[in-house]
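What follows is a short report on a single structure.
Heavy-atom basis, side chains included; hydrogens, waters and symmetry copies ignored.
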Amino acid sequence: MLLFSTLLQAQVVHDAEYYVLKMQNGERWAQEDSEIGKRLKAMRDKHGQPPNIVFLLWDDTAFGAVGFPALQKNFGYSTPNLNKMAAEGINFTRMYSEPSCTPTRAAVLTGRHPVRHGMGEVGMPHEFSGLRAEEVTIAEVLSRAGYATGFFGKGHLGDIEESYLHNQGFDEALFTPMNQITSLYNPQANVANAVLGLFPDIYPPDPYRLDNPGLVPAGWVMNIEGEKGQPGREWCGTSNECFSKFDPEAERRTMAFIQKNAEAKKPFFVAYWPNFLNFMAAYMPKRSVAGLMVADAFPAVDNFVGQLMEELKSLGIAENTLFIAMADNGPMVHNPPAGWGMLPMLYRGGKGDFTEGGVRVPAFAWWPGVIEPGQAVGDIVHITDLYTTFAKLGGAAEYIPTDRVVDGLDQTALLLHGDTHGRRDYVFIYTGDKLGATVKGRYKRHWIGAGEVASSGMPEAYYDLYMDPREESPQLVPLIHTQGQFNHMVARHQLFKKKYPDVPSGTGIPYTGLANARPETKAIGQRVRAVVDEMPFSIEEYLEFEIPGADKVGDWGH
């Protein structure tokens, strides 16, 4: 036990289930890693630097919706460039995300399940919280290895200064503190009743209104830009026109960042996470035969993917650039807006759910000359694995923190050797701070909503994902033999959480640290301080108080 504790202190700490697998496969993995090390060194000698990494992440898309042309024929749209990317590289068939936007984005940046650092819920303004400064992001890890780092797109990681992407390891960033719902936060949407009461000035005066701004998040900020070590700046404004300008500007900056660093022969990591969906967009004429919002939004992302692949080839760096593209979670199938076409497709459920439809997403890897084309990979991959894999490829694994659990596993062997070379056969799926389900290979157990018989100690919610991918027919008797093993999986997982306890997210006054902050934005902090001065607690107590039920606000799974 002492030896094991010493080992954990000296190396990256993974979750308990990793050590179960390592005990049985470690010798083979070590041999693979030795060969991989030689191959990566040869590639580095050839190109004079470690590989560049481009990471595209978009929203709310079911597995099968892209990368499978035959399926698209049935739904009236096409994504030829994403389909080409899948055909020329790896099409992951078991890539797991977190159930919703903020948790997935926090997971990939930190390599950790968001429950571990308080980022398990979807934030809305004013949030007063965000990704804490103490987390070590992949941008920080790669920066220490000499990479240029850029972030352009939807952040959705909080509205406090420490969560700003240029304060989380990125050399330069243009990002959104919140999500696409802000495309509705304008008078036009209020007039159309898409939002209610957000702009009191468009109504007749309310003689009973005592609190101003009351429930209105006055002074909120839609977009922020900044450079590492410098104050941020609000970009453009809060109109829908500014929302519409954001993705094209993020694309422009992404391409410029790639071109600049390619010319300087500096390895780079760049994340482009488009807003993708504008809730006020009116496509006229329609872009797809389907005429549905999601189908009509795909061409912009798909066109950029095509341009990006061609630009990497034109710059002569395609063979030294890993390009990953994927969705952040499943479609919003629970009360979606009419005509959006958010289809669950093969798997049941969607955004916010711990069923496969919520967390099994389309994902592709493209790396000419390195990744063999035409691969459909069936190994389980979790989005946190990208953190550890990017660090390994970048020669930066030594900078991964060793004082906390890092859930991401190194999947370099899977990228370089293909199908059956993955190092994960399990996933823990959280909804907010509650464990919703556990996957082990082809089998899955639901921990929430297990049925009335759960009180008897005989829960019925066991599933064989090969036989029942929609998780509609629980198998009590055929799979009851897995109960003890699933129980022990979670026991080991919880013991690791006891040794490495979960911590809360960062907290603070929203939208500080902006060089060009508007008076109404500065007033947020002024109001909070004035209110707290009238009450029997400190501003620190106020900001750090865990709001009852807050874990269910904005958490689509609830």
What's the shortest heavy-atom distance between [X] and [Y], and which atoms?
{"X": "Ser183", "Y": "Asn240", "value": "O-ND2, 2.8 Å"}
{"X": "Met222", "Y": "Ser239", "value": "CE-O, 3.5 Å"}
{"X": "Leu393", "Y": "Pro51", "value": "O-CD, 3.4 Å"}
{"X": "Asp59", "Y": "Pro274", "value": "OD1-O, 3.9 Å"}
{"X": "Phe304", "Y": "Thr254", "value": "CZ-CG2, 4.0 Å"}
{"X": "Ile90", "Y": "Ile371", "value": "CG1-CG2, 3.6 Å"}

Side-chain donor-acceptor pair present, [X], [Y], cut-off under 3.5 Å:
{"X": "Glu134", "Y": "His117", "answer": "no"}
{"X": "Asp296", "Y": "Ser288", "answer": "yes"}
{"X": "Gln72", "Y": "Thr79", "answer": "yes"}
{"X": "Asp328", "Y": "Thr104", "answer": "no"}
{"X": "Asn186", "Y": "Glu241", "answer": "no"}
{"X": "Asp171", "Y": "His166", "answer": "no"}

Can you establish whether the number of heavy atoms outside [X] located under 6.0 Å from its atom [atom1] is more than 12?
{"X": "Lys228", "atom1": "NZ", "answer": "yes"}
{"X": "Leu215", "atom1": "CG", "answer": "no"}
{"X": "Gln188", "atom1": "CD", "answer": "yes"}

Q) For residues 72-115, which residue pairs qualify under ring pair (Phe, Tyr, Trp, His ring centres under 6.0 Å), counting only residues two or more places apart or in two chains? A)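 Every pair satisfying ring pair (Phe, Tyr, Trp, His ring centres under 6.0 Å) with a residue in residues 72-115: Tyr77-Phe298, His113-His382.
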Q. Taking the six-membered ring for Trp, are Tyr542 and Phe128 parallel (under 30°), tilted (30 to 60°) or perpendicular (over 60°)?
A.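 Geometry flag for Phe128 against Tyr542: perpendicular rings.
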Q: Describe, in one word, how the ring planes of Phe246 and Trp235 are oriented to each other, choosing from parallel (under 30°), tilted (30 to 60°) and perpendicular (over 60°).
A: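 Aromatic pair Phe246/Trp235 classed perpendicular.
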(Q) For a 4.5 angstrom cut-off between non-hydrogen side-chain atoms, does Val359 reach Glu98? (A)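 Counting from C-beta outward, Val359 and Glu98 never come under 4.5 Å.
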(Q) So Ile383 and Met326, do their side chains get closer than 4.5 Å, heavy atoms only? (A)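 Yes. Closest side-chain heavy atoms under 4.5 Å.
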Taking [X] for the side chain and [Y] for the main chain, is one N or O donor matched with an acceptor at less than 3.5 Å?
{"X": "Asn81", "Y": "Asp302", "value": "yes"}
{"X": "Thr355", "Y": "Arg348", "value": "yes"}
{"X": "Thr521", "Y": "Ala517", "value": "no"}
{"X": "Thr176", "Y": "Gly155", "value": "yes"}
{"X": "Asp353", "Y": "Gly349", "value": "no"}
{"X": "Thr149", "Y": "Gly169", "value": "yes"}
{"X": "Asn275", "Y": "Lys154", "value": "no"}
{"X": "Arg252", "Y": "Pro248", "value": "no"}
{"X": "Thr102", "Y": "His156", "value": "yes"}
{"X": "Asn190", "Y": "Val195", "value": "yes"}

Q. Does Phe354 have its ring centroid less than 6.0 Å away from the ring centroid of Trp447?
A.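 Not close enough - the centres of the two rings lie 6.0 Å or further apart.
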(Q) So that I know where these two stand, are Phe364 and Phe323 an aromatic pair - ring centroids less than 6.0 Å apart? (A)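 Ring centres of Phe323 and Phe364 not closer than 6.0 Å.
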Q. What pairs of residues pass the disulfide bond (SG atoms under 2.5 Å apart) test when at least one of them lies in residues 211-254, not counting sequence neighbours?
A.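 Passing the test, one end in residues 211-254: Cys236-Cys242.
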Q: Apply salt bridge (charged side-chain N to carboxylate O under 4.0 Å, His left out) to Asp60 and Lys351, showing your working.
A: CA-CA 7 Å; Asp60 299 5; Lys351 188 183 184 79; 2.9 Å; yes
Q | Steps toward side chain to side chain contact (heavy atoms under 4.5 Å, CB included) verdict (Leu109, Leu157) | A | CA-CA 10 Å; Leu109 286 185; Leu157 291 164; 3.4 Å; yes
Q) Of Glu356, Arg360, Arg470, which meets side-chain hydrogen bond (donor to acceptor under 3.5 Å, both in side chains) against Tyr347? A)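 Answer after filtering Glu356, Arg360, Arg470: Arg360.
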Q: Using the side chain to side chain donor-acceptor pair (under 3.5 Å) rule, take Asp385 and Thr389 through it: C-alpha gap first, then chi angles, then the decisive distance, then the call.
A: CA-CA 6 Å; Asp385 296 346; Thr389 305; over 6 Å; no
Scan the side chains in residues 505-516 for donor-acceptor partners under 3.5 Å anywhere in the protein, sequence neighbours excluded, and list what turns up.
residue, atom, partner, partner atom, Å
Thr512, OG1, Glu161, OE1, 2.8
Asn516, OD1, Glu234, N, 2.7
Asn516, ND2, Glu234, O, 3.0

Q. Taking 4.0 angstrom as the limit, do Glu172 and Arg253 come out as a salt bridge?
A.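 No, Glu172 and Arg253 are not salt-bridged.
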Q.
Distance check, rounded to the nearest 0.5 Å: Asn329 atom CG versus Arg105 atom CZ?
A.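 Taking CG in Asn329 and CZ in Arg105, the distance rounds to 8.0 Å.
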(Q) One pair to check against ring-ring contact (aromatic ring centres under 6.0 Å, His included): Trp273 and Phe151. What are the steps and the verdict? (A) CA-CA 8 Å; Trp273 299 358; Phe151 184 98; 4.8 Å; yes
Q.
Testing Phe269, Phe175, Tyr164 one by one against Phe170 for a side-chain contact (heavy atoms from CB on, under 4.5 Å), which residue passes?
A.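 The single option meeting the side-chain contact (heavy atoms from CB on, under 4.5 Å) with Phe170 is Phe269.
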**Q.** Chi angles and distances behind the side chain to side chain donor-acceptor pair (under 3.5 Å) call for Asp407, Thr384
**A.** CA-CA 6 Å; Asp407 294 289; Thr384 54; 5.9 Å; no
(Q) Go through it in stages, so that I can follow the logic: the residues are Arg116 and Glu135, the test is salt bridge (charged side-chain N to carboxylate O under 4.0 Å, His left out), and I'd like the CA-CA distance, side-chain angles, deciding distance and then a yes or no. (A) CA-CA 10 Å; Arg116 298 195 189 278; Glu135 289 303 309; over 6 Å; no
Q: Check step by step if side chain to side chain contact (heavy atoms under 4.5 Å, CB included) holds for Leu322 and Val54.
A: CA-CA 6 Å; Leu322 169 63; Val54 180; over 6 Å; no
**Q.** Chi angles and distances behind the side chain to side chain donor-acceptor pair (under 3.5 Å) call for Glu251, Tyr272
**A.** CA-CA 7 Å; Glu251 287 183 1; Tyr272 170 51; 3.2 Å; yes
